[in-house]
K.L.:
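If you scroll down you'll find the structure; I have some questions about it.
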2 protein chains.
Amino acid sequence: MATLKQVAAHAEVSVQTVSNALNAPHRLRPDTLQRVTKSIELLNYRPNRNARSLRTSAVELIGYCVPSWPHGQAHLVMDQFLHSLCGAAEATARHILLFTAPVGLKGMPVYEDLHARRLVDGFVLSQTETHDPRHGWLREQQIPFVSFGRVWGETTQPGPFVDVDGAVGCATAVRHLHETGRRRIGFLSWPKTSGLAEDRLSGWRKACEELDLPTKNLAVRCTEDTIEEGARATAELLDSGQGVDGIVAISDILALGALRELGARGLTAGVDVGVTGFDDSPLASVVSPGLTSIRQPMDQIAGELIAILTDKHSSSAVSDESTQQPRSTERLLQPELVIRGSSAPG
Amino acid sequence: MATLKQVAAHAEVSVQTVSNALNAPHRLRPDTLQRVTKSIELLNYRPNRNARSLRTSAVELIGYCVPSWPHGQAHLVMDQFLHSLCGAAEATARHILLFTAPVGLKGMPVYEDLHARRLVDGFVLSQTETHDPRHGWLREQQIPFVSFGRVWGETTQPGPFVDVDGAVGCATAVRHLHETGRRRIGFLSWPKTSGLAEDRLSGWRKACEELDLPTKNLAVRCTEDTIEEGARATAELLDSGQGVDGIVAISDILALGALRELGARGLTAGVDVGVTGFDDSPLASVVSPGLTSIRQPMDQIAGELIAILTDKHSSSAVSDESTQQPRSTERLLQPELVIRGSSAPG
DNA sequence: CTGAAAGCGCTTACAG
DNA sequence: CTGAAAGCGCTTACAG
């Protein structure tokens, strides 16, 4: 493995010049640059990252804790998110370091240790929970981080975040169902303790009210995110005698439950009842009819996360140009409705 | 951030002694060790990983390429695998570095670059394909790696691997269905080009033959891994007039298709027809009835992968104690049948 | 525009 | 059992 020194000797320049050729090529005379570049290629030189990091004290690695779900529930869009996150990191010459940690505050020493030993420069947080204690802890330790997802239940956000506007997403789904002729649109939700659920539900309610559609008794809480619960809640809606002809589900899994219950009653999704899910998980395109679903723009989310985390100015409280809160560290992105057969046949 | 030097000054010893306290505590006198340990704690010292890696030229990082599926298909057990892999790496004080790369040979420069710049010590490969060219390429470059999954289509494996015995898994499923009274057991498969599919199919066939069950016209090929195709193939089996009462599917998705087709015909999975899937993906426990499925032992797989990759002897052709092929670099693990309602009601 | 030198924070033979 | 010194491969002021 060639070193800087060897390249320098080969090109008959100093190591400093080779380093500059790599990191500040404009400082070199064109002919020198070309000579050095040729030597680099000839010797197949690749700068040693550890030496660089030791010197600059930046490892260009971002820590991400592999989520572990309690009840064996999976993060169905996990590979989409990771792929986008890796891609965004690589676009800035960085990479993602994966690790595991206990849930909540108990896991923080792991975060702290990774940062203290300089395995990572900072963290991307996800699976944000209501009153999530991690954000505040990291901020106090002055450890750089950015969150995918707002921390619900706080009046002021404990740090920079990127999130998707779930309320807008659900409102869009309602409007789409309305446009396809639905007039009694139910909502399949989660328990009230979820800030995420309340946000999405508010979008459904608001859109219904704006369209003069009823909402009373049309929102059903599911105790867990399973097909079974989705089917049960759908049965409850269908049996309520309100003539439900549309269902906005807060997750693809619950929507799948809706599809199953419809099928069991001899009803056709997309014809008799329009159904939408949330997340556009791989399942949405694999069922039949395809499931209309609200897609989070993963590439954009990942790009914003990395941009915020790696922006030098983001850690300073106020940017030079303005005295207001630096807007760029709080990004709310718009989801996209992916329409399939469950809401629009043919 | 405290350094070795500061700890040494505080404990009134040389830096060498502090280093030894951390890496070879047995070399110190108990009282010295205690004094040094106290200083380390007091100063909250954490060794800088970059400095260590620069010196030892080992980064303790293992590269893993985030799989990207062509047709938006997801790796449903991806988070299980990653969680296990991270855990196994951490158990040996290592971590996983994630990256993206083009599929096949085109991606190899990315692997080579990560290794050359010392971002990783080696790689864990997965999503192994028939005649996968990556393994041979890495071996030629002398880049350490281990594969999750055999390379099908080769007479001799191009490198160390850990795999799960899919044939045994499917045979177990057949025997289970037989024990619950099934006598005409179909097999839902993939195209013949998949070595993985042929392996699993062979297990189904062998078990059927041993139990004197028919196999003729009972294996159906699905063109893609979707619920739709699983349903279609199931319909084909049911319509063939062979009195099919059991279905072993090569994937959970195809099994879900089977469940849907049964439901559409008013048949009850687990009662009228026993159904099994493969992978025990999160879906298996979320559908109703629960899907009986063949589970790959992820923790064990990950443990073996890391053990092989980090074993000093694994790269040498022959171990000292014996002259035969070092058995420990080719591990075939046994899957486990997770029984749920789709094959055994109540 | 180019080069000699210091130093990032460790580990590792090598003496004592 | 303990310590002084070299060196891993870079980058970065600082001179020239």
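Convention: sequence-line order gives letters A, B, ...; per-chain numbering from 1. Note that these values count all heavy atoms, side chains included, but never hydrogens, waters or copies made by symmetry. From a predicted model like this one, the values you see are computed outputs, not experimental measurements.
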K.L.:
Whether A/Asp113 and B/Arg46 form a salt bridge (side-chain N of Lys/Arg under 4.0 Å from carboxylate O of Asp/Glu) is what I want to check.
P.N.:
yes
K.L.:
Considering only side-chain heavy atoms of B/Arg52, which listed nucleotide, C/dT2, D/dC1, C/dT11, is closest?
P.N.:
C/dT11
K.L.:
I'd like to check the ring-ring contact (aromatic ring centres under 6.0 Å, His included) partners of A/Tyr45; sequence neighbours left out, ordered by chain and number.
P.N.:
none
K.L.:
Tell me whether the side-chain N/O atoms of A/Asn23 come closer than 4.0 Å to OP1 or OP2 in D/dT11.
P.N.:
yes
K.L.:
Would you say A/Arg27 places a side-chain N or O within less than 4.0 Å of OP1 or OP2 belonging to C/dC1?
P.N.:
no
K.L.:
With respect to the phosphate group of C/dC8, does any side-chain polar atom (N or O) of B/Thr3 fall under 4.0 Å of OP1 or OP2?
P.N.:
no
K.L.:
Kindly point out which of D/dC10, D/dG9, D/dT2 is positioned nearest to the side chain of B/Thr17?
P.N.:
D/dT2
K.L.:
Using 4.0 Å as the upper bound for N to carboxylate O, is an ion pair formed by B/Arg35 and B/Asp31?
P.N.:
no
K.L.:
Given atom CD of A/Glu60 and atom P of D/dT11, what is their separation to the nearest angstrom?
P.N.:
11 Å
K.L.:
Kindly assign one of parallel, tilted or perpendicular to the pair A/Phe123 and A/Phe99, based on the angle between their ring planes and the thresholds 30° and 60°.
P.N.:
perpendicular
K.L.:
Check the phosphate of C/dT12 against B/Ser19, side-chain N and O only, distance under 4.0 Å to OP1 or OP2. Yes or no?
P.N.:
no
K.L.:
With a 4.0 Å limit, can you tell me whether A/Arg55 has a side-chain N or O closer than that to the phosphate oxygens OP1/OP2 of C/dG7?
P.N.:
no
K.L.:
Both distances under 3.5 Å, Watson-Crick or G-U wobble: report the partner of D/dC14, or none.
P.N.:
C/dG3
K.L.:
Rounded to the nearest Å, what distance is computed from the CG atom of residue A/Leu54 to the C1' atom of nucleotide D/dC8?
P.N.:
9 Å
K.L.:
Closest nucleotide of DNA chain D for B/Val13 versus for A/Ala51: which of these residues is on the 5' side?
P.N.:
B/Val13
K.L.:
Within the structure shown, what part of the strands sits under 4.0 Å from B/Arg46 by heavy-atom distance: base, sugar-phosphate, or nothing?
P.N.:
sugar-phosphate
